[in-house]
Amino acid sequence: MKREKGFPTEQLKTAIIDIGSNTIRLVLYKYNTKEGLHEFGNIKTVARLRTYIESNGEMSEQGISILADTLKTYRKVLDDYEVTDIYAAATAAIRQATNNQVILNRMKKETGITINLLSEEQEAYFGFLAVAHSMDTPSAVTIDIGGGSTEITLFVNKTLQKSVSFPFGTVSLKQKFVSGDIINDEEKKLLRQYIKKQFEKLSWIQNVKLPVIAIGGSARNIAQVHQHTIDYPISGIHQYEMDLEHLAALNTFLGKMPYDQLKQLDGLSADRADIIEIALEVFKTLMDVVGAKKFQISKKGLREGLIIHRVLQNEPKSFDKFNVFEENARRIMYQYGRFEEEYQMLTMTTEQLYRECCRLNFFTFNEKHLSLLKKAAQVFSIGEYIENDSSNQHTFYLLANQSIAGMSHVERVKLALLASYKNKDYFRRFSAPFLNWIHRDELKILREFGALLKFVYSLNVSKRNVVKSIRLEIINNTVVINIVASKHPMAEIYQSERQKKHIERVFKKPVKIQFLKEGEMG
């Protein structure tokens, strides 16, 4: 996967072609050091290559022709986008075909695309790599179920411990166990027995009681269908979380539907209607063997693992699996016009103000609270990029409804509530759909933190990053806020006085704001 020497990572534009057993997908990526990784094109072809492997083990001429025609079409797309850096990866269907070398040679000759045949270990590793760099779950068992193979990994503290690939997937399991269009109850029973027997061969996953993280199209579809059934209030499936009861309820819900109805179901791709219940049985069985209480979805999988690995070859510090949010925050800030100097000033001032509040016992210091405050400071009021007058509404929607790597959905909503804070009324409106997610006492704290952030943001209304430090003291029952500025803060003086009422409600005391020149405060 090493890139040609001299290819500048700052302007990487590349294509990943993922040749799976069920689908063949072309994904286009851009990467630069400011914006990070950005997907700008995604095309899927349902090929079901696994079904073209004949009894002698070879892929039929029909299957090979479908692959060639798909790659030729993708080649035209790549020419239109002027993308010349291509990495094509083939997994189980080609790997399991006894004539795979013939297939690879023909594709090179007929399409000009060199296909890299991934080993089982490589396929499992790249899936892990994507999860580790896009989720904040420190330890888990992952499952990537494709059409013809299933990869299981165990990672602890973001370090891969074990991996294995089973030579079965949703398409091959359907061929083995299902007689009609969709699986029936008796076939489910036989499938469960078979899958459980396979998984119990892995002593290293038995009863480890870690979350199970599912990768791949079937996992994404299960999350989407579940969200539709419960009227989920925000969008995005990355780091979506379910439990065994949710999976069982979904299994009952899907099991009552005929095939034609499944194909019309919101959230479910029509091409997966016949295999979705198979995937669900596999996930439930794995959770049972692992003793998992949490079932999480990763939108990032093999393709993201491949491109992350590609970038890391020349830029080892481009991704940090232990600080996943930071990479995403930089992308969001850059996308909405915030410069690094501004976000550094906002996070520095936020941390100083919070610590000062704790020193004077307005809050009890909490490391998690500080971390969330600093994250929210980075993206506070990013909605003003769209429209200044309604920036809080745009901010809440943008943050609550986009997948943010390294944040659970609950944490994402908390971030959105803080970063969009305008006043108590808007906070109440935005938080209303999430009253069963966040405890009332915590909502009160979040509202107060939002007021702090709004005040901090007023200290940089001119975007000149003039504030250098902030310190609180109580004099005659009044909270005096001493702010050291490097330049004349005329706009900040006016704006902070306007926002003073919000923090007076937090302190339950009158507030006096003093701007000082550097060197004036001892």
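Side-chain contact between F362 and L452: absent, with no pair of heavy atoms (C-beta onward) separated by less than 4.5 Å. Contact check for N32 versus Y334: no side-chain heavy atoms found under the 4.5 Å cut-off. Contact check for L370 versus E351: side-chain heavy atoms found under the 4.5 Å cut-off. Using a 4.5 Å heavy-atom cutoff, the side chains of V511 and F455 are not in contact. D271 has its side chain within reach of K44: a pair of non-hydrogen atoms, C-beta onward, lies under 4.5 Å apart. The side-chain heavy atoms of E241 and S408, taken from C-beta on, include no pair separated by under 4.5 Å. When side chains are defined from C-beta on, Y29 does not count as touching R310, because their heavy atoms never get closer than 4.5 Å. Using a 4.5 Å heavy-atom threshold, the side chains of F507 and C357 count as touching.
The line from CD of E304 to CG of D18 is 9.5 Å long, rounded to the nearest 0.5 Å. Here the CG atom belonging to N323 is positioned 11.0 Å from the CZ atom belonging to F325, to the nearest 0.5 angstrom. Atom-to-atom distance recorded for I16:CD1 and N42:CG is 12.0 Å, nearest 0.5 angstrom. Taken to the nearest 0.5 Å, the CD1 atom of I222 stands 10.0 Å off from the CD atom of E277. One distance of note links CD1 of I215 with CD1 of I143; it measures 9.5 Å at 0.5 Å rounding. Atom CD of Q352 and atom OG1 of T347 lie 10.0 Å apart (nearest 0.5 Å).
E356 contributes a side-chain N or O that, together with a main-chain N or O of L472, makes up a donor-acceptor pair within less than 3.5 Å. Counting only distance, with no hydrogens or angles, the side chain of E411 and the backbone of L372 share no donor-acceptor pair below 3.5 Å. A side-chain donor-acceptor contact under 3.5 Å links N401 to the backbone of S235. Formation of a donor-acceptor pair under 3.5 Å by the N221 side chain with backbone atoms of S269 is found in this model. The backbone N or O of T159 lies less than 3.5 Å from no partner atom in the side chain of N157, so there is not a single donor-acceptor pair.
For the residue pair T137 and Q296, a side-chain donor N or O sits within less than 3.5 Å of a side-chain acceptor on the partner. Residues S496 and S458 bring no donor and acceptor atom of their side chains to less than 3.5 Å of each other. Checking R220 against Q224 by side-chain atom types alone, no donor-acceptor pair falls below 3.5 Å. For the residue pair N465 / Q344, no side-chain donor-acceptor distance below 3.5 Å is found, with atom types taken as modelled. Side-chain polar atoms of R25 and T23 form no donor-acceptor pair below 3.5 angstrom.
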V324 and D136: side chain to side chain contact (heavy atoms under 4.5 Å, CB included), yes or no, with the steps?
CA-CA 7 Å; V324 175; D136 62 354; 5.6 Å; no

- Task: Check the pair K13 / D85 against side chain to side chain contact (heavy atoms under 4.5 Å, CB included), numbers first and verdict last.
- Result: CA-CA 7 Å; K13 189 161 87 166; D85 186 46; over 6 Å; no

request  = Would you check, one step at a time, whether the test salt bridge (Lys or Arg N to Asp or Glu O under 4.0 Å) holds for K414 with E442?
outcome  = CA-CA 10 Å; K414 291 178 183 178; E442 190 169 10; 2.8 Å; yes

| task | Apply the test side chain to side chain contact (heavy atoms under 4.5 Å, CB included) to residues S163 and F128: give CA-CA distance (whole Å), side-chain angles for both, the deciding distance (0.1 Å), then the verdict. | result | CA-CA 9 Å; S163 68; F128 151 75; over 6 Å; no

May I have the step-by-step check of side chain to side chain contact (heavy atoms under 4.5 Å, CB included) for T349 and N460, ending in yes or no?
CA-CA 10 Å; T349 309; N460 198 38; over 6 Å; no

Note to self: Could you go through D425 and R428, starting from their C-alpha distance and side-chain angles, then the distance that decides it, and tell me whether this counts as salt bridge (Lys or Arg N to Asp or Glu O under 4.0 Å)?
What the structure shows: CA-CA 5 Å; D425 181 55; R428 178 184 55 78; 2.6 Å; yes

(request) Would you sort out whether K444 and E448 count as a salt bridge (Lys or Arg N to Asp or Glu O under 4.0 Å), showing the intermediate values? (result) CA-CA 6 Å; K444 179 178 178 293; E448 293 177 341; 3.0 Å; yes

task: May I have the step-by-step check of salt bridge (Lys or Arg N to Asp or Glu O under 4.0 Å) for K501 and E504, ending in yes or no?
output: CA-CA 5 Å; K501 62 183 179 184; E504 285 182 328; over 6 Å; no

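Aromatic ring centres of Y421 and F449 lie farther apart than the 6.0 Å criterion allows. Between H369 and Y354, the gap from one ring centroid to the other reaches at least 6.0 Å. Aromatic ring centres of F126 and H309: separated by under 6.0 Å.
Smallest separation of non-hydrogen atoms from E123 and E151: OE2-OE1, 3.1 Å. Closest non-hydrogen pair, T350 versus V456, comes out as OG1-CG1, 3.6 Å. Nearest heavy-atom pair, A329 versus Q378, reported as atom, atom and distance to 0.1 Å: CB-OE1, 3.3 Å. Taking each heavy atom of I470 and L459 in turn, the nearest pair found is CD1-CD1, 4.1 Å. Closest approach of S403 and H238 over heavy atoms only: OG-CB, 3.7 Å. The nearest pair of heavy atoms linking L398 to G383 is CD1-CA, 4.3 Å.
More than 12 non-hydrogen atoms from other residues, nucleotides or ligands lie less than 6.0 angstrom from CZ of F365. For K454, the NZ atom is densely surrounded, since the number of other residues' heavy atoms within 6.0 Å is greater than 12. Atom CZ of F322 is surrounded by more than 12 heavy atoms from other residues, nucleotides or ligands within 6.0 Å. Atom CD of E82 sits in a sparse spot, with 12 or fewer heavy atoms from other residues, nucleotides or ligands closer than 6.0 Å. More than 12 heavy-atom neighbours from other residues, nucleotides or ligands sit within 6.0 angstrom of OH on Y232. Within a 6.0 Å radius of CZ in F434, more than 12 heavy atoms belonging to other residues, nucleotides or ligands are found. No more than 12 heavy atoms of other residues, nucleotides or ligands lie within 6.0 Å of CG in N476, so this atom counts as exposed by the packing criterion. No more than 12 heavy atoms of other residues, nucleotides or ligands sit less than 6.0 Å from atom NZ of K294.
Evaluated for a side chain to side chain contact (heavy atoms under 4.5 Å, CB included) with V461, the options M490, E492, Q499, R498 yield exactly one hit, E492.
Using the six-membered ring where Trp is involved, F295 and F283 have ring planes that are tilted, between 30° and 60° apart. Note on ring orientation: taking the six-membered ring where Trp is involved, the planes of F40 and H38 are parallel (angle under 30°, cut-offs 30° and 60°). Relative ring orientation between H226 and Y240 is described as tilted, the plane-to-plane angle lying within the 30° to 60° band.
Under the salt bridge (Lys or Arg N to Asp or Glu O under 4.0 Å) criterion, K158 pairs with no residue at all, not counting sequence neighbours. For K463, the salt bridge (Lys or Arg N to Asp or Glu O under 4.0 Å) test picks out E342, E384, with sequence neighbours left out.
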